[in-house]
Amino acid sequence: MFLLTWQEETDIEQETALATLEGAVRVRGTAVKLAQAAGITPVHLSYIRRRRRMPRLRTAQRMAAALPLSREQQQRWLNYIERYWSFKH
């Protein structure tokens with residue numbers, strides 16, 4: 001049995017969340033359209049995509065609603081964001 005460290009698990013969650021976000025950008029057509037649908041600026045979305053910023057939970061909820069994701073994928077995205085902020089504070 002192979003167990004992951006907390007950091008390894010977090011890294012996997014981050015990669016999954018960002019891959020999901022990139023897929024959503026492709027489905028929406030452009031990052032600008034996705035940013036508009038999520039109620040954020042294209043610059044803020046760019047920072048999130050490049051891992052320079054992490055969206056706050058409320059922003060992540062708006063993004064999840066704008067992303068063409070299943071409920072399970074939305075929940076994984078939100079769990080990742082919640083986990084990030086719970087350890088940040």
Side-chain angles (χ1 to χ4, degrees):
M1 183 176 190
F2 181 72
L3 299 176
L4 298 174
T5 66
W6 177 86
Q7 185 61 51
E8 290 170 329
E9 188 174 319
T10 301
D11 289 346
I12 291 169
E13 286 178 355
Q14 180 183 36
E15 290 302 318
T16 301
L18 292 172
T20 299
L21 183 57
E22 291 306 311
V25 169
R26 284 191 297 280
V27 168
R28 280 277 180 192
T30 68
V32 172
K33 288 181 183 177
L34 177 58
Q36 288 172 341
I40 60 176
T41 67
V43 171
H44 188 78
L45 179 59
S46 176
Y47 284 149
I48 293 168
R49 292 173 67 196
R50 290 183 291 145
R51 301 179 194 162
R52 296 186 71 200
R53 289 197 185 144
M54 183 63 69
R56 295 287 181 176
L57 184 56
R58 183 71 185 118
T59 301
Q61 290 169 336
R62 287 194 317 265
M63 290 175 71
L67 297 170
L69 304 174
S70 69
R71 278 231 188 270
E72 181 183 333
Q73 290 170 318
Q74 285 182 353
Q75 195 56 52
R76 269 191 268 142
W77 164 254
L78 294 174
N79 287 345
Y80 165 67
I81 301 301
E82 285 176 1
R83 186 175 178 163
Y84 172 86
W85 286 112
S86 69
F87 286 104
K88 198 73 171 169
H89 290 37

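Worth knowing before you read on, the calculation uses all heavy atoms, side chains too, and leaves out hydrogens, waters and symmetry mates.
Summarising the geometry, atom CZ belonging to Arg83 is positioned 14.5 Å from atom CG belonging to Leu78; distances are rounded to the nearest 0.5 Å. Going from atom OG1 of Thr59 over to atom CD1 of Ile48 covers 7.0 Å, rounded to the nearest 0.5 Å. Expressed to the nearest 0.5 Å, how far CD of Gln36 lies from CG of Leu45 amounts to 11.0 Å. With rounding to the nearest 0.5 Å, the separation of CG in Asn79 from CD in Gln74 is 11.5 Å. Here the CZ atom belonging to Arg56 is positioned 12.5 Å from the CZ atom belonging to Arg62, to the nearest 0.5 angstrom.
Smallest separation of non-hydrogen atoms from Ile40 and His44: CD1-CD2, 4.0 Å. For the residue pair Ala38 and Ala66, the shortest heavy atom distance occurs at N-CB, 3.8 Å. Shown here for Ala64 and Trp77, the closest heavy-atom pair between the two residues is CB-CD1, 3.8 Å.
The number of heavy atoms from other shown groups lying within 6.0 Å of CZ (Arg50) is above 12.
Val32 and Val43 end up in different hydrophobic clusters when Ile, Leu, Val, Met, Phe, Trp and Tyr side chains are linked at under 4.5 Å. Linking Ile, Leu, Val, Met, Phe, Trp and Tyr residues whenever their side-chain heavy atoms come within less than 4.5 Å leaves Tyr47 and Tyr80 in two separate clusters.
In this structure, the side chain of Trp85 engages the main chain of Pro55 through a donor-acceptor pair within 3.5 Å.
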